[in-house]
Participant: 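Mind looking over this structure? Questions follow.
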Amino acid sequence: MHWAMADGPHGGVTVRPVDPDGTPAGPPHTYPHPADALRHHPTADRWIWPSTAAFYPRLLDAGITVPRCHDIEAGEAILLGHEGMWGLPRSLAAACARLRGLPVPDDPPPRSFGGEPESTLFDPEPATPHGIDDVLAVHAAQRDRIAASAAPHRLRLLLAAESAGMLVAAEMHRAGLPWRADVHDALLTELLGGRYPGGLEPPRLAELADDVSRAFGERVRPDLPAEVVRAFRKAGVRVTSTRKWELQDVDHPAVAPLLEYKKLYRLHTAHGWSWLQTWVHDGRFRPEYLPGGAMSGRWTTHGGGALQIPRVVRRAVVADEGWRLVVADADQMEPRVLAAVSGDPGLMAAADGTRDLYEALADRAFAGGRAEAKLALLGAIYGQTSGDALKYLADLRRRFPAAVAYVDEAARAGEEGRLVRSHLGRTCAPSEAADDGEAGLPQEDDGGGASARGGAAARARGRFARNFVVQASAAEWALCLLAALRQELAGMRAELVFFQHDEVIVHCPREEAPAVAKALTAASARAGEVMFGDTPVVFSFTTAVVECYADAK
DNA sequence: AGTCCTCACCGG
DNA sequence: AACTCCGGTGAGGACT
């Protein structure tokens, strides 16, 4: 039985059973706490609520998980995009107002999971509370909108997966990634030479800055790009920036200490002691995950840059005593997804097993080897406009015409401002509508609209759309995988603790590791089935059971 | 003093 | 070999 949940009187909740067709199946009940509702209705197998982020943490605090949910706000965002309306408020209140032709309120500023530091202090008073009947009405309307779409079963799957992602996000935030502050601190001390009190830079950085100045023969601050460029010019070296890839080809004694300085400076500012103190508490790093935070449906995070943990710092991610980390990385996820969504026979054949896709490609089709095959395929997905990838693109086009045509068509549609959708129906906003109106995507011309710049902007939109159909569909596959994995792990002590585009980490007791690996395989197969039916494409993982994240792959 | 912008790096 | 797609974050400087 499905149940709907809404804010109730005095901080409590109101719940009501819902028939499969979306109509009420019984009278409403009111409880002082959502956990009470869950205890009184244990047969509920899907909870329909306005926002997982608003309701679920309170349940998790009470030690309660739910099997499935329908997240009204998440669904609203996807449906609005699908209907070609971007930037509209997604809250239950907004959806309700649209339904009834009333003035639509703006969304409140994003709220934090769990109410860690500085979250709730400045939240405005909640808008007029919306009751259980509003939840039911918007839910029923969303069902109708799905049914009226071109591919209802796909959109239905997308909304279900996105809702499952919301559950996973809340659960992962609560579990946290095991993080050894002492190991991290030792690592920083080793690389930076210890930490000066009083905000001075660490010894190693000071040394390197001196080396740079000595090489230039004058005082140069390495963290000021303009100053570094000027110093190089004076030394007779013409550089346009201080980017690593430009500098590393320059023959000058300042280059080596400068690159080393930049590497360590980055570590110090982005993942140094300040980061450690801010983001790691009680042996856990708890970022806030935002499923669907990027237009492609990829997740984003808030706090601590959780999706950019540098390789060196992964040394500090260590399983608890007697526990293990199961680190699983999807093998060539995007190319395999391209094979499945495009239905290209040759590419599907290359992806029909667990062997390295690029190697299979090189064997079947290319004069070049694995590296060239990878370059060509990623170039096709990214819309590469220069470089070696173009050499192989013609070959790719000849051997895998359907796959290349698939991304080419997306690029054309993007350039022409048409709607572009992922496999399950997530929709790519034309750039004019991308960000609530004003400053859009890559282009920056408005008004006068010089046609030359308009052409460049159109091509940028083309590349965006070309990448979108692959990246968004891949994100959907990953989402389906997470949903399946979450169910496979139910009843075990194992916990999902990290997710990054094509990689998951499960923290589990040592003896559960084999079962977790099995669960991953099963979940991967289920994700492929629900998204693509009986496709020959195989989605495989490289799995490592380790005590320390840095020891995976 | 606070806000916005640029640069540069991290990850996928 | 080259810098193409996505995003988050911090420092520093220019601006109001």
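Everything quoted here is computed from the prediction, not taken from an experiment. As a basis for the values below, the full set of heavy atoms in this structure was taken, side chains included, without hydrogen atoms, waters or symmetry mates. In what follows, chains carry the letters A, B, and so on, assigned in the order in which the sequence lines appear, proteins first and then strands, with residues in each chain numbered from 1.
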Participant: What is the separation between atom CD on Glu415(A) and atom P on dC5(C), rounded to the nearest whole Å?
Facilitator: 13 Å
Participant: Can you tell me whether the side chain of Arg298(A) and the base of dG12(B) have a donor-acceptor pair closer than 3.5 Å?
Facilitator: yes
Participant: State whether Glu227(A) and Arg233(A) are salt-bridged, where the test is any N-O pair (Lys NZ or Arg NE/NH1/NH2 against Asp/Glu carboxylate O) under 4.0 Å.
Facilitator: no
Participant: Does Trp245(A) or Gly305(A) map to a spot on DNA chain C nearer the 5' end, using the closest nucleotide for each?
Facilitator: Trp245(A)
Participant: Looking only at the side chain of Tyr265(A) (C-beta and beyond, no hydrogens), which of the listed nucleotides dG12(B), dG12(C), dC6(C) gets closest?
Facilitator: dG12(C)
Participant: For Met333(A) and dG12(B), give me the distance from atom CE to atom P, rounded to whole Å.
Facilitator: 11 Å
Participant: Near DNA chain B, under 4.0 Å by heavy atom, which residues of residues 183-192 of chain A?
Facilitator: none
Participant: With a 6.0 Å cut-off on ring centres, are Phe232(A) and His252(A) close enough?
Facilitator: yes
Participant: Among the candidates dC6(C), dG12(C), dG11(B), find the nucleotide nearest to the side-chain atoms of Gln500(A).
Facilitator: dG11(B)
Participant: Write down the distance between CD (Glu288(A)) and C1' (dG8(C)), rounded to a whole number of angstrom.
Facilitator: 13 Å
Participant: Specify the separation, in whole Å, of atom CG of Leu307(A) and atom P of dT9(C).
Facilitator: 9 Å
Participant: Mind checking what makes salt bridge (charged side-chain N to carboxylate O under 4.0 Å, His left out) contact with Arg418(A), not counting sequence neighbours?
Facilitator: Glu409(A), Glu416(A)
Participant: Give me the atom names and distance for the closest heavy-atom approach of Val404(A) to Arg397(A).
Facilitator: CG1-NH1, 3.3 Å
Participant: Closer than 4.0 angstrom, basic N to acidic O: yes or no for Arg336(A) and Asp331(A)?
Facilitator: no
Participant: Between atom CG in Asp329(A) and atom P in dG11(B), what is the gap in whole Å?
Facilitator: 14 Å
Participant: Scan residues 249-266 of chain A for pairs that pass salt bridge (charged side-chain N to carboxylate O under 4.0 Å, His left out), counting only residues two or more places apart or in two chains.
Facilitator: Glu260(A)-Lys263(A)
Participant: Using a cut-off of 4.0 Å on non-hydrogen atoms, how would the nucleic acid contact of Phe468(A) be classed: base, sugar-phosphate, or nothing?
Facilitator: nothing
Participant: How is Ile381(A) classified with respect to the nucleic acid when contacts are heavy atoms under 4.0 Å: base, sugar-phosphate, or nothing?
Facilitator: nothing
Participant: Using a 4.0 Å heavy-atom cut-off across all strands, classify Gly293(A) as base, sugar-phosphate, or nothing.
Facilitator: nothing
Participant: May I ask you to say what Gly297(A) touches in the nucleic acid, namely base, sugar-phosphate or nothing, with a heavy-atom cut-off under 4.0 Å?
Facilitator: nothing
Participant: What contact category does Leu378(A) fall into here, base, sugar-phosphate, or nothing, at under 4.0 angstrom with non-hydrogen atoms?
Facilitator: nothing
Participant: Any idea which of dC5(C), dG12(B), dG8(C) is nearest the Asp502(A) side chain?
Facilitator: dG12(B)
Participant: Check whether the ring centres of His184(A) and Trp275(A) lie less than 6.0 Å apart, and answer yes or no.
Facilitator: yes
Participant: For Tyr549(A) together with Trp179(A), are the ring centres under 6.0 Å from each other?
Facilitator: no
Participant: Once ring pair (Phe, Tyr, Trp, His ring centres under 6.0 Å) is applied, do any residues pair with Phe532(A), and if so which ones, sequence neighbours excluded?
Facilitator: His423(A), Phe539(A)
Participant: In this structure, how many angstroms lie between the P atom of dC7(B) and the CG atom of Leu258(A), rounded?
Facilitator: 17 Å
Participant: Counting only side-chain heavy atoms from C-beta out, which of dA8(B), dG11(B), dG12(C) sits nearest to Arg311(A)?
Facilitator: dG11(B)
Participant: So does Arg412(A) pair up with Asp408(A), basic N to acidic O under 4.0 Å?
Facilitator: no
Participant: Could you tell me how far apart Phe541(A) (CZ) and dG12(B) (C1') are, to the nearest whole angstrom?
Facilitator: 14 Å
Participant: Nearest whole angstrom, please: distance from the C1' of dG7(C) to the NE2 of His501(A).
Facilitator: 7 Å
Participant: Of the options dG11(B), dC9(B), dA11(C), whose atoms approach the side-chain atoms of Gln308(A) most closely?
Facilitator: dG11(B)
Participant: Tell me whether the OP1 or OP2 atom of dT6(B) has a side-chain N or O from Arg243(A) closer than 4.0 Å.
Facilitator: no
Participant: Need to verify one output field. Residue with the more 5' nearest nucleotide on DNA chain C, Arg266(A) or Asn467(A)?
Facilitator: Asn467(A)
Participant: By side chain to side chain donor-acceptor pair (under 3.5 Å), which residues pair with Asp210(A), not counting sequence neighbours?
Facilitator: none
Participant: Mind checking Ser296(A) for me? I need base, sugar-phosphate or nothing, with any heavy atom below 4.0 Å counting as a touch.
Facilitator: nothing
Participant: Counting side-chain heavy atoms from C-beta on, which of dG12(B), dC9(B), dG12(C) comes nearest to Asp223(A)?
Facilitator: dG12(C)
Participant: Classify the nucleic acid contact of Arg466(A) as base, sugar-phosphate or nothing, counting any heavy atom under 4.0 Å across all strands shown.
Facilitator: nothing
Participant: Considering every strand and a 4.0 Å limit on heavy-atom distances, what is the contact class for Gln471(A): base, sugar-phosphate, or nothing?
Facilitator: base
Participant: Considering the terminal five base pairs at each end of the helix from dA1(B)-dT16(C) to dG12(B)-dC5(C), what angle separates the two local helix axes, rounded to 10°?
Facilitator: 0°
Participant: For dC9(B), does OP1 or OP2 lie under 4.0 Å from any side-chain N or O of Lys244(A)?
Facilitator: no
